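One structure below.
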Amino acid sequence: TAITGDVVFDKVTFSYGDKVIFSELSFRVPWRETTLMPIRPGMGRTTILKILTRVYAQHSGAIRYGETDSTDVDPWNIRRAIAIVSESLPLLGTTIFEAISYGRQSDRKKKAVALLDRIQQGERRDIVRMNIDEPIGELGRALSTAQKMQLMYARALLSDKPYLFIEDDL
């Protein structure tokens, strides 16, 4: 079942051991809108993303996708609906194309090339421009931090998912 509607965090609390990461956190993420995480760095943004994708379970409060409680939604459906730009998520694959397209689907290559070119157009001259077929190294280790961020944005935009979360210190 496809997920539709706003994502709502309603008084969500999460603890790791005895340490409370956040308490009674509430916010709304509108359907089909890009959302900068409403949390300052170091206050649990990555944890929120992991709760949203059901990697972690919240300890109290409710999370809803539209009118449906998150516990009633298959985690795979959630992950199909959410694109995330975050340094905490690795780049997978052996080439730039694989890293931004989640695989080797050749039908997506033309769109991936155009998107990568567009992202790189506005970048500083000191960042080495990337080619869609070049290797990224294990988990992107052959890339600079700026190049990794470019690929994370390209991956999120190429996926065209209804929710786009950006964990970034803009």
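Owing to the predicted nature of the structure, the values given are computational and were not obtained by experimental measurement. By convention here, the first residue in the shown sequence is residue 1.
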> Listed by chain and number, what are the side-chain contact (heavy atoms from CB on, under 4.5 Å) partners of P30, not counting sequence neighbours?
Replying inline: D6, E33, T35
>> If the condition is side chain to side chain donor-acceptor pair (under 3.5 Å), which residues does T71 pass it with, not counting sequence neighbours?
In response: D69
>> Return the CZ to CD1 distance between R45 and I166, rounded to the nearest 0.5 Å.
In response: 11.0 Å
> Any side-chain heavy atom of I100 sitting closer than 4.5 Å to one from R108?
Replying inline: no
> With R80, which residues qualify under side chain to side chain donor-acceptor pair (under 3.5 Å), at least two apart?
Replying inline: N77
>> On a heavy-atom basis, which atom in I119 and which in Y153 lie closest, and how many Å separate them?
In response: CD1-C, 4.1 Å
> Residues sharing L92's hydrophobic cluster, by side-chain heavy-atom contacts under 4.5 Å among ILVMFWY, directly or via others?
Replying inline: L139
> Roughly how far apart are I132 CD1 and S101 OG, rounded to 0.5 Å?
Replying inline: 7.5 Å
> Which heavy atom in M130 sits nearest to a heavy atom in I96, and how many Å separate them?
Replying inline: CB-CD1, 3.3 Å
>> Test of understanding: with ring-ring contact (aromatic ring centres under 6.0 Å, His included), list the residues that count as partners of Y16, not counting sequence neighbours.
In response: none
>> Give me the atom names and distance for the closest heavy-atom approach of T4 to W31.
In response: CA-CZ3, 3.4 Å
> Looking at residues at least two apart in the chain, or sitting in another chain, which of them share a side-chain contact (heavy atoms from CB on, under 4.5 Å) with A81?
Replying inline: I3, P162, Y163
> Does V20 share a hydrophobic cluster with F9, counting links as ILVMFWY side-chain heavy atoms below 4.5 Å and allowing steps through other members?
Replying inline: no
>> Taking side-chain contact (heavy atoms from CB on, under 4.5 Å) as the definition, give me every residue that meets it alongside K11, ordered by chain and number, with sequence neighbours left out.
In response: E24, S26
>> Give me the atom names and distance for the closest heavy-atom approach of R28 to V8.
In response: NH1-CG2, 3.4 Å
>> Measuring only between side-chain heavy atoms, which start at C-beta, is I78 closer than 4.5 Å to L52?
In response: no
>> Quick check: do V55 and R79 have side-chain heavy atoms less than 4.5 Å from each other?
In response: yes
> What distance separates R118 CZ from L157 CG, expressed to the nearest 0.5 Å?
Replying inline: 9.5 Å
>> In the structure I gave you, are the side-chain heavy atoms of T94 and P135 within less than 4.5 Å of one another anywhere?
In response: no
>> For S86, give me all partners under side-chain contact (heavy atoms from CB on, under 4.5 Å), at least two apart in sequence or on another chain.
In response: L49, I84, S88, L89, E167
>> Using side-chain heavy atoms (C-beta onward) and a distance below 4.5 Å, is T53 in contact with F165?
In response: no
>> Assess the residue pair I48 and F27 against the criterion (side-chain contact (heavy atoms from CB on, under 4.5 Å)); give the C-alpha distance rounded to whole Å, side-chain angles, the decisive distance to 0.1 Å, and a yes or no.
In response: CA-CA 11 Å; I48 290 169; F27 63 90; 3.9 Å; yes
>> Taking salt bridge (charged side-chain N to carboxylate O under 4.0 Å, His left out) as the definition, give me every residue that meets it alongside R64, ordered by chain and number, with sequence neighbours left out.
In response: D10
>> Quick check: do F22 and I51 have side-chain heavy atoms less than 4.5 Å from each other?
In response: yes
>> Rounded at 0.5 Å granularity, tell me how far OG1 in T46 sits from CD in E87.
In response: 9.0 Å
> Closest heavy-atom contact between K148 and L143?
Replying inline: CE-O, 3.6 Å
> Taking only residues two or more places apart in sequence, or in another chain, which ones meet D133 in a salt bridge (charged side-chain N to carboxylate O under 4.0 Å, His left out)?
Replying inline: K109
> Any side-chain heavy atom of L116 sitting closer than 4.5 Å to one from L158?
Replying inline: no
> Can you tell me how far the CG atom of D117 sits from the CG atom of N131, to the nearest 0.5 Å?
Replying inline: 9.0 Å
>> Tell me every residue that passes salt bridge (charged side-chain N to carboxylate O under 4.0 Å, His left out) with E138, counting only those two or more places apart in sequence or in another chain.
In response: R141
>> Ignoring hydrogens, what is the shortest heavy-atom contact between T95 and I136? Give both atom names and the distance.
In response: C-CG2, 3.7 Å
> So how far is it from E98 CD to R155 CZ, rounded to the nearest 0.5 Å?
Replying inline: 13.5 Å
